[in-house]
Amino acid sequence: AEKANDKRMISIFYRYVGSTYTYRASYDTAYMYQHKHISIAEELQDKYLLQLSYFGLANLYARQGKFLLAVENYLKSMTYYPGDTYKAITYDDLLADLENTHEHFDPLRTYVLSLGNAGECYRRLNNPEKALFYLTTAKDILQTIGSRLDVSPKSQVYRELGYVYFAQGD
């Protein structure tokens, strides 16, 4: 990617390396790579990469237990969703936009995961009202789009709803 001066692929590389260090709990190194990813995504003004970059930074903060910083970055990630609302863009539109991206991902999946993760952060902060707001918003989207997304966002949202309702005695 460097030889070809493909900044988008360099940014994607930084994303994967940053995520790997996040899950290995090497947070200082992860932070460095996440910010390299963000820097290139901002330079390119690539909303798909920006969505993923702030999602990755949010995951880093969440893994560290810095839940308010995590929520801030999950919400920032959601601002880069390519449609006005989740209903404003079709799957075919996404595929057409992504055909030259060198990586296939679904921005709606990241959007729903951001909602679910924000809900989880608020649950961990003992704020069930805000947790339920984000989790039920994600659930509503999941019910609207049917089976389009893989099981990961669905299981995360419903698991977190279960935790919140259980803590409330329901």
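Position 1 is the first residue of the sequence; numbering continues from there.
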For the atom pair [atom1] ([X]) and [atom2] ([Y]), what is the distance rounded to the nearest 0.5 Å?
X      : Y      : atom1 : atom2 : answer
Lys139 : Gln143 : NZ    : CD    : 5.0 Å
Asn5   : Arg8   : CG    : CZ    : 14.5 Å
Leu57  : Arg15  : CG    : CZ    : 13.5 Å

[Y] and [X], any side-chain heavy atoms less than 4.5 Å apart:
X      : Y      : result
Tyr111 : Ile141 : yes
Ser152 : Arg109 : yes
Ser77  : Thr110 : yes
Val157 : Arg159 : no
Tyr158 : Leu161 : yes
Gln34  : Ser19  : yes
Leu60  : Arg63  : no
Lys47  : Tyr81  : no

How far apart are the closest heavy atoms of [X] and [Y], and which atoms are they?
X      : Y      : value
Gly18  : Ala30  : O-CB, 3.5 Å
Pro153 : Leu142 : O-CD1, 4.2 Å
Leu135 : Gly119 : CG-CA, 3.9 Å

Same apolar cluster: [X] and [Y], side chain cutoff 4.5 Å:
X      : Y      : answer
Met78  : Leu113 : no
Tyr23  : Leu52  : no
Leu125 : Phe133 : yes
Met32  : Ile12  : yes
Tyr27  : Tyr74  : no

For residues [X] and [Y], establish whether the separation of their ring centroids is below 6.0 Å.
X      : Y      : result
Tyr61  : Phe67  : no
Tyr134 : Tyr122 : yes
Tyr33  : His37  : no

Checklist line | Neighbour count >12 (heavy atoms, 6.0 Å) for atom CD, Glu2 | finding: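 It does not: Glu2 CD has 12 such atoms or fewer within range.
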Donor-acceptor pair, distance only, cut-off 3.5 Å: does the side chain of [X] make one with the backbone of [Y]?
X      : Y      : value
Gln156 : Gly116 : yes
Ser39  : Lys36  : no
Ser11  : Lys7   : no
Asn73  : Leu69  : yes
Ser155 : Val151 : yes

Checklist line | Derivation of the side chain to side chain contact (heavy atoms under 4.5 Å, CB included) call for Tyr54 and Thr79 | finding: CA-CA 10 Å; Tyr54 287 105; Thr79 67; over 6 Å; no
Checklist line | Derivation of the side chain to side chain contact (heavy atoms under 4.5 Å, CB included) call for Tyr165 and Leu132 | finding: CA-CA 9 Å; Tyr165 290 137; Leu132 286 174; 3.7 Å; yes
Margin query: I'd like to know if Lys76 pairs up with Glu72 as an ion pair, taking the criterion as any Lys NZ or Arg NE/NH1/NH2 lying under 4.0 Å from an Asp or Glu carboxylate oxygen.
Written below: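 Looking at Lys76 and Glu72, the cut-off is not met.
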